[in-house]
Every structure is written in C-alpha cells, then in structure tokens.
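Notes to accompany the following structure.
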Amino acid sequence: MATATTTNLQSQVVSLTRPAAGQSITITAGTGAVLKLDFAPDTASTESAAQDLVFSFPDGAQIIVSGFFEKGVDALPSLELADGSMLSGKDFLTAFNPDLLSTAAGPSAGGNPSGGSGDYTDDAGNLLSGVNRLGSLGTDQWGRSTEVSMDTQEPPALPAAAPAPAISIIPGPDPVPGGPPTKPVYMVETQGVNLTVNERFLSEGSAPDPGARHATVAFLITSNDGIALFTLTAGGTAHVVTIQPDGTLTGFPAGGVDGASGVLSDPRLADMGGGQYSLEFDYAFTGAVHHAGVVQGTDTAADVDSFLISASSLNGATTGAVYAHIDVIDDVPFISIGAPAAEMSDLAVAAAAVGSLAEGHSIAGTIDIVAGADGLSPAAAFAVNGAAYALDTWADTGEGQIRIFLDGATYKYEYK
C-alpha cells in the first residue's frame, strides 16, 4: 500500500480527500484543527489505532489522522461533513462509532478510585454497652440511594444522512440558436442531439463555405455529487476524460475524436452553479460520404457519425449515454452549356444566339460540369434521343448532328 504523510496542521481547516484504491495518507492534525471530510462518513469504517483515528474504505484506501485521541475527549478535533454541517469530535464518534469514546477518554477513565485499600463502610457496631450505633449514612459498599446523574443532556441527534449520489445528462439547447443561414441544422431530441450537414459546403463541394462545416454540440449535466469524469465513445472506442481538482480535463485526444465524416474536439466543462454543468464540444464536418443505395444529390445519409457521451460523479453514480448523431446531405452535381465559343463558318453570331443556324454551318462551345463533393467519373459516352454514342462520334439529332469530345480535361461540343 502506497502511503503519504502531511506535516502537523494546527488551527486550520484540513481537507480529508478519499485516496485512490490501495493508497494510504497520514495527517497529523494539531489542536484546533478542523477536519473537512470530502466523502460521506458512512462510506468508510472508523477505527482507532493507539491514539490515531483511521478511516478505511472498501477498496483498501485509508486516511490516518495521527494523534486524534491524544488530548482526550474534550479536546478532539472538530469535523466538517461534506454537506457543510459541523460536529465536535465527541459528537462525531457518538454518531458513527460510540465505542471509540473509551479511547478518547484515556486509560484512567472508569475502574476503582485510586488511594483506598478497599470498600469503605461506616458500620462500627455498637459503640458502648446499651448505646447502639447511629443509622448508616447510606454509604455501605458505596451504595447510592439518591445518585445524581453526571450527564443529564440528551445525546446529540445523528446528522441527517447525506443523499445518495445522483447524476444525469441531457442534450443541451442549440448554443447558437438560429445561426447563419448555412449553419448545420441542430435538433434536440429525447436522448441526444442531431446535426445535419451538407456536402456542398465542403472545400471540394459545389458551394464551399467554411462556416457551414462547424457546429457546437452541447449537453447539460446535473449532479448532487460533483463530476469525476465523462466518457466519449465513437466507433467502439471509449475515451475516458477525467476532471482534475483545478477543472482541467485529462484523457481527451489532442486532435479530437474522429468519426466517419468529421471530428468532435475541444471539450469544455463549465460549472453553472446549483449542481449543473455545461459540457460542450466542437464538431467539424471534414469529408464526403458515399450515399449507397440512394439517389445521388437528393438524399440524406442518417447517422453517418455517432458519438455517445456519459458521466460519473465523485462517488460513483453514473448516467446513461446520450448521443450526438450526424446526418449528411448529398451534394448535387450540375452541368451547364457555355455560350458558343467560336463560329465554325461565316455565320453571324447573332443568328447562333437565337438558335438559328443556317444549313452548312456549325458552332462549338464548352460543357461546364461541377462535380461536387463526390467527384465525377469520366464520361465514356453521351446520349441523344435515348441512344448512346461514344465520345468524339457524331450523333444524329433529327435536325442536325452533334458530337461531344474531351479537349484535355474540358468537355466540348460541336453542332452542325
């Protein structure tokens, strides 16, 4: 068992914090010290070892208060319970282990009074013939027919039992209600938060917008026992994040937690008072997903990312898990026909602009394609009136002929 020892602490508040499992700490509390318990007294057994008071926990942890009993029952250190109530050392022992009061009273308490050789009696028999002794003063064998109680006070009332540790977590409201028009859609549901993001706002999408790829995800934790840790699970991997005494968080991956299409990062825990805590994360949508089995450009893939969050209190109460689900709307590729780039004959441009083309003349131009976030597979053919034609071949439209061909990476057309 690992141990740690403090120095002598007098006339001050000394916090007794439950050590880790199997650990032991020793505190030498001087006269006038107040011992502040950061744990419920009924979670540990109280024992004496010589003049020391020992708190022992089921997991092997121990707190030893050295010299607790040295000054006697009337000079025991006072104790402050976790709920803020104050008890004298005597009242604390009376409430939680009255057998230890004999240790506090010292070795001279009880037993026969010192300085005598035996029981006293005032029965001297008859003093003289015909003169009987006076009646007994009532002290035969130290008998007391009218004994006066040495302590007529009522025993101190037991402190109210601390409530059982309790903790809960629910989805928080949208931290940025409304937000910009392109902000991811934030929905608060019964057991979690749902974000809907759009592939078109990705850097490779059809309408890139950095502001539309980020959102804050919020949860509200309520606890009567503080918060020891929270757990974030993604892709079957659990990340346990511990809250340190100074409020810093340890155990969260430095680069965030990756999902299938985004990253959850930058956890922030804020004490709102009254046993309520705000827990927030940043979500960044980083990559397109394949919308298998749906119509590209029109459908939404549900729960592409799923993060589960739960929390635990200082004394082991645990919440159920709430979720942050991410839905992704597919990008919409589109195609447009550029204006005629060149006359293939002497025909006036004005005639081509209104769709009039004299027989024997032709025009050409570009086909502009925005592939969107999902990219574009190179076309190997094109269709005219339901019939497929290979690239760079002429197709009969009924009014003329058209061919589509690649010029480097640009699709172009020629009509005659």
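- For the atom pair CZ of F219 and OG1 of T319, the computed distance is 10.5 Å after rounding to the nearest 0.5 Å.
- Under the 3.5 Å distance criterion, the side-chain polar atoms of D59 are left unmatched by any main-chain donor or acceptor of G22.
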For this session: Show the numbers, then the answer: is there a salt bridge (Lys or Arg N to Asp or Glu O under 4.0 Å) between D209 and R200?
Result: CA-CA 8 Å; D209 184 347; R200 69 193 299 256; over 6 Å; no
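- Under the 3.5 Å distance criterion, the side-chain polar atoms of T17 are left unmatched by any main-chain donor or acceptor of D38.
- By the 6.0 Å contact criterion, CD on Q191 is open, its count of non-hydrogen atoms from other residues, nucleotides or ligands being 12 or less.
- Side chains of F230 and Y277 form no contact here, defined as non-hydrogen atoms less than 4.5 Å apart.
- Other residues, nucleotides and ligands place no more than 12 heavy atoms under 6.0 Å from the CE atom of M187.
- From D282, atom CG reaches atom OG1 of T216 across 5.0 Å, with rounding to the nearest 0.5 Å.
- In terms of heavy-atom proximity, D396 sits nearest to Q401 at CA-CG, 4.4 Å.
- How far CD1 of I309 is from CG of L232: 5.5 Å, rounded to the nearest 0.5 Å.
- Note: L279 CG to L269 CG = 6.0 Å, rounded to the nearest 0.5 Å.
- Side-chain atoms of D225 come within 3.5 Å of backbone atoms of N315 as a donor-acceptor pair (strictly under, hydrogens ignored).
- No donor-acceptor pair closer than 3.5 Å links the side chain of S223 to the backbone N or O of I227.
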Exercise. Side chain to side chain contact (heavy atoms under 4.5 Å, CB included) between F285 and N198: does it pass, once the steps are laid out?
Worked result: CA-CA 9 Å; F285 180 41; N198 198 317; 6.0 Å; no
For this session: Apply side chain to side chain contact (heavy atoms under 4.5 Å, CB included) to F92 and L76, showing your working.
Result: CA-CA 10 Å; F92 178 82; L76 297 174; over 6 Å; no
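- Pairing each heavy atom of V188 with each of P173, the nearest pair is CG2-CA, 4.0 Å.
- Ring centroids of F57 and F39 are separated by less than 6.0 Å, placing the two rings close together.
- Side-chain contact check for I169 versus S310: every heavy-atom pair is 4.5 Å or farther apart.
- Between the side chains of T318 and S312, at least one donor N or O sits under 3.5 Å from an acceptor N or O.
- Taking CG of L37 as the reference point, atom CZ of R18 lies at 12.0 Å (rounded to 0.5 Å).
- Between the D174 side chain and the Y186 main chain, no donor and acceptor come within less than 3.5 Å of each other.
- Of the possible polar contacts, none joining the S48 side chain to the L53 backbone as a donor-acceptor pair under 3.5 Å is found.
- Of the possible donor and acceptor atoms, one in the side chain of R268 sits under 3.5 Å from a partner among the backbone N and O of D266.
- Of the possible donor and acceptor atoms, one in the side chain of D52 sits under 3.5 Å from a partner among the backbone N and O of G67.
- With values rounded to the nearest 0.5 angstrom, L87 atom CG is found 10.0 Å from E80 atom CD.
- Here the side chains of W394 and Y389 are not in contact, with every heavy-atom distance at 4.5 Å or above.
- Judged by distance alone, the side chains of N194 and H325 never bring a donor and an acceptor atom under 3.5 Å apart.
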Exercise. Stepwise, does the side chain to side chain contact (heavy atoms under 4.5 Å, CB included) test hold for I170 with V322?
Worked result: CA-CA 7 Å; I170 61 173; V322 291; 5.7 Å; no
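- For the side chain to side chain contact (heavy atoms under 4.5 Å, CB included) with F307, the lone residue among V193, T233, L264 that qualifies is L264.
- A donor and an acceptor atom, one from each side chain of D305 and Y283, are located under 3.5 Å apart.
- Residues forming a salt bridge (charged side-chain N to carboxylate O under 4.0 Å, His left out) with R213 (at least two apart in sequence, or on another chain): none.
- Judged purely by atom type and a 3.5 angstrom limit, T393 uses its side chain to pair as donor or acceptor with the backbone of A390.
- Remark: the backbone N or O of D303 is paired with a side-chain donor or acceptor of D327 at under 3.5 angstrom.
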For this session: Test Y323 against E189 for side chain to side chain contact (heavy atoms under 4.5 Å, CB included), laying out the working first.
Result: CA-CA 9 Å; Y323 59 75; E189 301 178 343; 2.4 Å; yes
